[in-house]
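Inspection log for the structure reproduced underneath, given as structure tokens.
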Number of protein chains: 2
Amino acid sequence: MTADPKAGRPSLAQVAALSGVSVKTASRALGGEPRVAADTRSRVREAADQLGYRLNGVARELRRGASTSTLVGLLIGDLANPFYSRLAGGLERELRMRGLQLITASTDEDPEWERRLADALLERRVRGLVIASTATEHAHFAAEHRHGIPFVFVDRPPVDLAADTVLLDNRHGARLAGAHLGTLGHRRIGVVGDLSRLSTHRDRLDGFAEAMRAAGVENWADYLVENAHDVVAAERAVRDLLDRTPAPTALFTMNNRITLGALRALRGHPAPPALVGFDEVDLGDILGVSVVAHDPEDMGRQAARLLLDRIDGHRGPARQVVIPTRLLARGSGERPPTSAGTQAS
Amino acid sequence: MTADPKAGRPSLAQVAALSGVSVKTASRALGGEPRVAADTRSRVREAADQLGYRLNGVARELRRGASTSTLVGLLIGDLANPFYSRLAGGLERELRMRGLQLITASTDEDPEWERRLADALLERRVRGLVIASTATEHAHFAAEHRHGIPFVFVDRPPVDLAADTVLLDNRHGARLAGAHLGTLGHRRIGVVGDLSRLSTHRDRLDGFAEAMRAAGVENWADYLVENAHDVVAAERAVRDLLDRTPAPTALFTMNNRITLGALRALRGHPAPPALVGFDEVDLGDILGVSVVAHDPEDMGRQAARLLLDRIDGHRGPARQVVIPTRLLARGSGERPPTSAGTQAS
DNA sequence: ATGAAAGCGCTAACAT
DNA sequence: ATGTTAGCGCTTTCAT
């Protein structure tokens, strides 16, 4: 009656045999093609239902050629980071309007795993690939890219590969943060950053350094801590900074996770230092956290636009879109230097 | 010299031709099989590099049969919801230890889109499917399930399908919340819930109702608002509740997004009502938000365990794992009824 | 150590 | 309206 679990999934040939037609007719009937008699079609459908038949998309794609896939891949560092998940959301909605389906995988900031994920998706002939890469070179994508598979790099630019890119204006945002704190008179600013190899980190650091130079702050790097990759590490880094003598009067936390760690470290602090974070944080408006904000959803939308253009056959040189960053003053970043107890120097 | 973009990707046959060996030898050389002469191997590798060859995983899978896929699919309502992304994280880490790769797609709580995503993944013969389903019946998965594809339902149980399941103890958690507020003397409790068709919503509502009955609160449903699916809708719903006369003295927000909406609505409120939310919220500890907490990562891990068992050939009947829920009192839920201005009745 | 032939399940092209 | 043939790119026999 119904299928044997061990027998594996039924093929079109079995459906055809059961309904007494040829394989091609069965294919036509199930595929909704026009030239099929109504009763033939229903007979084939019944047979398929009875066998629990499902089209083998692998075989179909092999036969039809890759360009029929409706799947677009997205590789990001961490699903649980709201920056990435909002980016994914923007991308997904835009693709869906074109009937494309987004599948997302997490690299956990491991270049080797990233590569294996990219291989798995490319081997399955996804229609395109959007990637927030944690790797430091992308030459191995060159052949694939040349063969016409659209790549879009988001958040972090490609290295040794001329591909479409959507980036934040990291440098500008960090400069705003530095200038803001500098203008308020802060001279000892604890700066906590993510993995130092990431281009986003370096760009933000450059922007901040510019602002420090402009404000005439020497040796600002004395209060710099890098490679605080998760909330726990960030919290520890901030505690360590606050324990120094003299203590910093302000903090610049260079991404959303680090800001969360800082907020934990500052919890219950009698005279908390000023705080400006990069990236929005959930409830940041309610908590009054000043941040360098931007629009991750828009980043996703722009990436989708670039990708869809390529899918539609656009052949031009690689394009780059820059998403603006702006400072939102909500209170935490406006605390003056005196609020930090140990006002030495 | 290098490949023509229009020519499509090179096949193994082209690599073989260029290196002057048979297709099978090329396959062996590239696949790392033992019986190949060292210089043959390197010649084939060079030819592959030169052509920009990449294995066609579609063809490989067709030939080898589906059981070689390393991809596991996850379907969730919304990537940006931290509950789902943490669940995905737990699942992902567990699968990765077995060399399996997780790909996640978002249904946006649309049953039709969910079905299309499931079709796309099943047709490509993923190794297994984990699904937080928004659909109200799953009979269409029956054949696939019988043919041995492992399904695990998370957060929401399958309907008309006997498949492995991992659920929260929603009823218990909501009962705790209701009892907690009831014990403090609250009698008018604004209850805000998500889509009423979701089983999680119904179970939580049942649990809360039990607690209300036990506390002798009649007509608690007068302050019930359902179908507040996003933060904006939740904020509006809470504002409306607070505008009623008499106003509720407490709130039970039935998921994380609704809790966020409530926190926005309560911002700057002179005498905020007590608040207990279901699900953890980011910074909830710092803000002092009382919640019914649970462990989404563990939910992912348990789902992985069930899935891996099936992949390893386990044949038993469908199993169900229940993840415990507990109340975390952090301040917002412990405010007494009097704190709400309009103490009428 | 290498090669030839067959075939996975499907669809495009060409009959009828 | 339906059937026949061939072949997508790979791996699995089974030779040599």
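Below, chain A is the first sequence line, B the second, and so on; all start at residue 1.
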- request: Determine: side-chain N/O of B:T40 to OP1/OP2 of C:dT2, distance under 4.0 Å, yes or no.
  value: yes
Proximal nucleotide (of D:dT2, D:dG3, D:dG9) relative to the A:S22 side chain: D:dG3
- request: Return the value, rounded to whole Å, for the distance between atom CD of B:E33 and atom P of C:dT2.
  value: 12 Å
message: Counting only side-chain nitrogens and oxygens, does A:T25 get under 4.0 Å of the OP1 or OP2 atom of D:dT2?
response: no
- prompt: Taking only N and O in the side chain of A:S11, is any of them less than 4.0 Å away from OP1 or OP2 of C:dC8?
  reply: no
Salt bridge present between A:E112 and A:R116 (N-O < 4.0 angstrom): no
- prompt: Whole-Å distance between D:dC10 P and A:R60 CZ?
  reply: 21 Å
Base of C:dG3 paired with side chain of B:R28 (donor-acceptor, under 3.5 Å): yes
field: Interatomic distance where CG belongs to A:N56 and P belongs to C:dT11 [whole Å]
entry: 9 Å
- prompt: A:A59 and B:L62: which non-hydrogen atoms are nearest, and at how many Å?
  reply: CB-CD1, 3.8 Å
query: If each of B:L62 and B:A26 is mapped to the nucleotide of DNA chain C with the nearest heavy atom, which maps nearer the 5' terminus, i.e. the 5' end?
result: B:A26
Of the listed nucleotides C:dA12, C:dC10, C:dG3, the one nearest the side chain of B:K24: C:dG3
field: Polar side chain donor-acceptor pair, B:R197 to B:T134, under 3.5 angstrom
entry: yes
- request: Tell me, with the steps shown, if A:D108 and B:R93 meet salt bridge (charged side-chain N to carboxylate O under 4.0 Å, His left out).
  value: CA-CA 9 Å; A:D108 212 13; B:R93 274 185 288 281; 5.4 Å; no
query: Taking only side-chain nitrogens and oxygens of A:S27, does any of them come within less than 4.0 Å of OP1 or OP2 of C:dT11?
result: yes
Nucleotide nearest B:V36 when distance is taken to its side chain, options D:dT2, D:dT11, C:dT2: C:dT2
task: Write down the distance between CG (A:L55) and C1' (C:dG9), rounded to a whole number of angstrom.
output: 9 Å
- request: Would you kindly give the CG-to-P distance between B:D39 and C:dA1, to the nearest whole Å?
  value: 12 Å
query: Given atom CG of B:L12 and atom P of C:dG7, what is their separation to the nearest angstrom?
result: 20 Å
task: Answer yes or no: does a side-chain N or O of A:R35 lie under 4.0 Å from OP1 or OP2 of D:dA1?
output: yes
statement: DNA chain D nearest-nucleotide lookup for B:G57 and A:V21: closer to the 5′ end is A:V21
- request: In whole angstrom, give the distance that lies between atom CZ of B:R63 and atom C1' of D:dT11.
  value: 5 Å
- request: Using whole Å, report how far CZ of B:R54 lies from P of D:dC10.
  value: 12 Å
Salt-bridge present (B:E94, B:R301; N to O < 4.0 Å): no
